Amino acid sequence: MNKTNMPFLAGAITSVILSFNAAANESTWDKFISDSSLNMSARMSGIKMEPSNIVIDHYFDPVTATGLLFNTGMNEVFFSGMSPEDVAGLLASDPATLALVTEEVNSALEEEVNSSGEVDQGGASLWLEFESGYLFDFVGFDLGYQGGIKTWNDAQGTLILKPDDDGYERISTARAKIRLGDEKRNISAKHGRGVINRMHFGRDPDEYLLDKTFEGTEISAKWDNYQLYGVSITGIGEVTNSDIREAKDFKHYQKAGFDSTDSLGFEYQSDYGQLKLANTWSKNYMSTTSVKANTGVPIAWLGADIAEDKLLDYLLLFQINYNWQSAKKDFVTKYGVEMPDHDSTNYEFMLGAQLDNVFVAASLNQVGEDGFYKAGTGSGGSSDALIGLSLINEFDLPSQKTYTFVVSYNGKDMNLPGLDLSAVVLHSRDIDMDAVLASGNIDYYLTGDSEFTETLFEARYSVQEGAFEGLSFRGVMGYESNQATLLGYGVWIEYSRKLF
């Protein structure tokens, strides 16, 4: 981590604040300061995953075998100098050679899964985020820094760190903002870089050294519980990369050549639930439209005998996420395959119950027959309700159907309200492996199965008060049964504090 960024950040905040001081009277300045905040978060992370019981036993017909050999470069091992047509003809005419090639390919894949599937890495990170108030109730700014360093990295897999990286850092927030109106009713705009908490611009800040950083412009109009917004994104900083990359520089987007990903959305939130709508598109590449709705109904309304002061502790919960996705003429998958006719859906229906300090829920997530491309620059979407709890998988494969079951417990009845225990089971089936191959996802085609189960157990404790308020501990154990059995562990220690 480059320590010179720390005094730079502090100096930048101080100098900008002082520059406003000459123009502001005391009461305006006092309000500006009281509405500003500086938050800090420090985290230690450690993750270990180990594949075992690896059994890959594909049968390849001559055409598929030939395509895989040439796509992976293994043709040079078996048939150096031969053309694809000659190799296909040989394999079709000689079953013994086809069987030998299949056996050798499966063996090589088992070795690859054993080496590249192992993850054993840890890191430490520091996040600082300054959010100013609005000077003269009109103009402000945000500044933030995120940095993370490797503490160990002893395997070839990638999760919080790439194998050869020692860490990442960036100025994660640097944007100006204006607002006309008050907190409840206003028109506002932000320009620069930072986090965007909108549909289709997903973030996963819990596991990684850095959060996602988006660069662009956001404009919104808010009236009490209703909000309209527009977003234009020109770059993105990923969780395992220090740099902000422009949209046009993403390899699998180059054919389309768009300069931005744009989105229009509507949000409604109340005590009874929320409704979100969004359409996100990239010129000549893709368009995704999504709707998300959730609500809760007090169980007492259905006739249960529940005390008046406990009505909102016993709820039936419903959530529906639905996405429509349509490719444009220059769409190329993230695996490098042109698919201009890609047209797919993804939905998740969830039913749950909050029973005081116990939460139980189940959901069905269904991916369309062409797969589904998720959030980020490139106008992907996301339909995560319960499947967002997964630590290992993305759940975006063609025709993939996933049943998720969750049980969680809060320790407030033991006078430990900061203790949360949970168990999650995600069972996927009906994955169309031919469509997986057609999309260019050769890795999963070769090493995955059409059906698998991921199971997670999580314990989290957050200190609620006292000198160590803001300190939290989280441990996760995950298990996946696929063509390899994958057992994983994750431990996080985090301290978050509002400095002012």
Side-chain angles (χ1 to χ4, degrees), residues 196-204 224-229 231 263-281 286-302 311-326 342-355 358-376 379-390 393-408 422 424-431 454 456:
I196 294 181
N197 288 313
R198 302 294 188 185
M199 291 181 73
H200 300 165
F201 300 99
R203 50 193 299 250
D204 193 359
D224 295 334
N225 296 333
Y226 302 88
Q227 190 167 178
L228 293 170
Y229 66 87
V231 175
S263 183
L264 292 174
F266 166 81
E267 295 182 358
Y268 169 77
Q269 298 192 23
S270 74
D271 294 338
Y272 301 99
Q274 66 176 353
L275 172 66
K276 295 184 178 183
L277 304 169
N279 176 248
T280 304
W281 68 94
M286 181 189 286
S287 174
T288 300
T289 301
S290 300
V291 57
K292 174 182 178 180
N294 60 50
T295 189
V297 176
I299 295 177
W301 292 4
L302 305 178
L311 285 182
L312 297 183
D313 292 333
Y314 292 84
L315 300 170
L316 284 180
L317 303 170
F318 308 90
Q319 180 165 321
I320 300 174
N321 295 3
Y322 210 103
N323 301 271
W324 298 264
Q325 192 170 80
S326 180
H342 169 79
D343 192 3
S344 194
T345 59
N346 175 220
Y347 62 81
E348 185 168 10
F349 299 144
M350 185 205 79
L351 174 63
Q354 184 70 51
L355 307 172
V358 176
F359 172 74
V360 294
S363 75
L364 167 64
N365 185 285
Q366 178 68 60
V367 180
E369 61 183 16
D370 287 336
F372 198 81
Y373 296 92
K374 291 198 171 183
S379 58
S382 181
S383 187
D384 295 354
L386 296 183
I387 62 166
L389 300 172
S390 168
N393 294 284
E394 292 293 331
F395 300 97
D396 57 359
L397 299 170
S399 300
Q400 184 173 17
K401 185 193 302 290
T402 303
Y403 300 96
T404 304
F405 305 93
V406 177
V407 178
S408 65
S422 62
V424 183
V425 177
L426 307 103
H427 178 70
S428 277
R429 52 178 293 182
D430 299 341
I431 300 169
E454 178 182 345
L456 300 170

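Since this is a predicted model, take the numbers as computed values, not measurements.
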Can you list the residues that meet the side chain to side chain contact (heavy atoms under 4.5 Å, CB included) rule with Ala353, with sequence neighbours excluded?
Leu316, Leu355, Val360
For Thr289, which residues count as a side chain to side chain contact (heavy atoms under 4.5 Å, CB included) partner, sequence neighbours excluded?
Asn279, Trp324
Pairing residues for Phe405 by the ring pair (Phe, Tyr, Trp, His ring centres under 6.0 Å) criterion, not counting sequence neighbours:
none
Side chain to side chain contact (heavy atoms under 4.5 Å, CB included) between Arg429 and Tyr403, intermediate numbers included:
CA-CA 9 Å; Arg429 52 178 293 182; Tyr403 300 96; 3.9 Å; yes
What closest approach, in Å, do Leu311 and Ala300 show between heavy atoms, and which atom pair accounts for it?
CD2-CB, 3.3 Å
Output all residues satisfying side-chain hydrogen bond (donor to acceptor under 3.5 Å, both in side chains) with Asp370, sequence neighbours left out; order by chain, then residue number.
none
Looking just at side-chain N and O atoms, do Asn321 and Gln319 make a donor-acceptor pair shorter than 3.5 Å?
yes
Donor-acceptor contact below 3.5 Å, side chain Thr295 vs main chain Tyr272:
yes
Considering residues, nucleotides and ligands other than Glu369, do more than 12 of their heavy atoms fall under 6.0 Å from its CD?
no
Hey, what's the ring geometry for Tyr322 with Phe349, parallel, tilted or perpendicular (30° and 60° as the breaks)?
tilted
Please enumerate all residues that pass ring pair (Phe, Tyr, Trp, His ring centres under 6.0 Å) together with Phe318, with sequence neighbours excluded.
none
Ala278 versus Ser263, closest heavy-atom pair with distance
CB-OG, 4.4 Å
Within the structure provided, determine whether Leu277 and Leu264 are in side-chain contact (heavy-atom separation under 4.5 Å).
no
Counterpart residues, side-chain hydrogen bond (donor to acceptor under 3.5 Å, both in side chains), relative to Ser428 (two or more places apart)
Gln400, Thr402
Taking all non-hydrogen atoms of both residues into account, name the closest pair between Ser344 and Gly371 and its distance.
OG-O, 2.8 Å
Closest heavy-atom contact between Asn365 and Phe395?
OD1-O, 4.4 Å
Kindly write out the residues that satisfy side-chain hydrogen bond (donor to acceptor under 3.5 Å, both in side chains) with Ser399, not counting sequence neighbours, or none if the list is empty.
none
Taking Ser287's backbone N and O only, do any of them form a donor-acceptor pair with Ser326's side chain (distance below 3.5 Å, no angle check)?
no
With sequence neighbours left out, write down each residue that passes salt bridge (Lys or Arg N to Asp or Glu O under 4.0 Å) with Asp224, or none if nothing qualifies.
Arg185
Identify the two heavy atoms, one from Glu267 and one from Asn197, that lie closest to each other, and give their separation to 0.1 Å.
OE2-O, 4.4 Å
Check step by step if side chain to side chain contact (heavy atoms under 4.5 Å, CB included) holds for Val424 and Thr404.
CA-CA 7 Å; Val424 183; Thr404 304; 4.0 Å; yes
Check side chain to side chain contact (heavy atoms under 4.5 Å, CB included) between Asp430 and all other residues, then give those that pass, not counting sequence neighbours.
Lys401
Atom OH of Tyr268 with >12 non-hydrogen neighbours under 6.0 angstrom
yes
Closest non-hydrogen atom pair between Ser422 and Ser408, with its separation:
CB-CB, 3.7 Å
Quick one: list whatever passes side-chain hydrogen bond (donor to acceptor under 3.5 Å, both in side chains) with Glu454, sequence neighbours left out.
Ser390, Asn393
Please list, chain by chain and in numerical order, all residues satisfying salt bridge (Lys or Arg N to Asp or Glu O under 4.0 Å) with Asp343, sequence neighbours excluded.
none
Could you tell me which residues satisfy ring pair (Phe, Tyr, Trp, His ring centres under 6.0 Å) with Phe266, sequence neighbours excluded, listed by chain and number?
none
